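As the structure is a prediction and not an experimental result, all values here were calculated from the model. In listed order, ligands and their atoms are each counted from 1.
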Amino acid sequence: MVIVHTAEELQNKVKSKKSSLGLVPTMGALHLGHLSLIKRATDENKQVVVSIYVNPTQFNRTEDLENYPTDLTKDIDLLKPFEKKLILYIPAHEELYPDGIKSKKYDFGSLTAYMEGAQRPGHFDGVATIVEALLEKIRPSKAYFGEKDFQQLQVIKALNQHLALGIEIISCPLIREESGLAYSSRNSLLSLEQKSNALVIHQTLEYLNKNAYDWSVAEMELYFKSKVEAIKDFEVDYFSIAEPSNLIPVKQLDSRKAYRMFVAVFVGKTRLIDTVELVRK
Ligand code: PAF
């Protein structure tokens, strides 16, 4: 596996034309969700950079940063099947934050006003700062992000448009475990009992999705909370339904429009997010 730690080393390893260089930014603790992005990136490009960097500025809770799972040996093993095309980039803080670890300030309007943006102050400034640094340094032709972090994806698309580097942002579908639980690095922090109980999140979203356009959003939220908070240590952080383009939560659904449901749930100290596209009847 080619492993580099600086952008300079990385550029020396890039053999392919820049027109066929993919980038998959990650914070490590890789799982099948990441691997689906990496698979798609290696299918579509001659070379692919996978970055592993746990970005401190996007964590608004110190405890969350301190507990964030890391396992580089396991990550490298999981990347082995793709290694012919891969460059693994593991930068140090000074590489990405030469002037000190702090985020830039951005204005993404309504895209960051609600949900993760409201509940995790500064989170998207941190994400945008690091993604901007990675895009600027690596200059891939395509960069791949998962729809599980749908709000992040919309923010990154807006950032990318503003940067105008000619990079294509590729959105990849959310991948679920067989049980329906969305893959997340944070799942490894759950106990077996919490993990099996966490299925309630997707199951309830699916139930609501069958009836969505017949209910008010308040009714759906109440139902979601009643199911999820019936379980010990489970607490709903938010339940929102919004149009994908502006991410402004709505109170009533219009049958002519497309929406997504977004939830965040505390399972003990671990915070899980999930999202599904509403199905129109
Ligand atoms: O989705 C993630 O893993 C992170 O937010 C990202 C995009 C790698 C930026 O640190």
Hey, is CD on Glu44 packed in by over 12 heavy atoms from elsewhere, all under 6.0 Å?
yes

More than 12 heavy atoms of other groups within 6.0 Å of Lys85 NZ
yes

Classify the ring geometry between Tyr213 and Tyr259 as parallel (under 30°), tilted (30 to 60°) or perpendicular (over 60°).
tilted

Taking only residues two or more places apart in sequence or in another chain, which ones pass side chain to side chain donor-acceptor pair (under 3.5 Å) with Lys195?
Glu177

Any carboxylate oxygen within less than 4.0 angstrom of a Lys/Arg side-chain nitrogen, looking at Asp274 and Arg176?
yes

Going by the side-chain hydrogen bond (donor to acceptor under 3.5 Å, both in side chains) test, name the single residue among His5, Glu95, Glu9 that passes it with Tyr89.
Glu95

For ligand 1, which of its N or O atoms have a protein N or O partner closer than 3.5 Å, and how long is each gap?
| from | atom 1 | to | atom 2 | distance (Å) |
| --- | --- | --- | --- | --- |
| ligand 1 | 1 (O) | Gln152 | NE2 | 2.9 |
| ligand 1 | 5 (O) | Gln58 | NE2 | 2.9 |
| ligand 1 | 5 (O) | Gln152 | OE1 | 2.7 |
| ligand 1 | 10 (O) | Gln58 | OE1 | 2.6 |

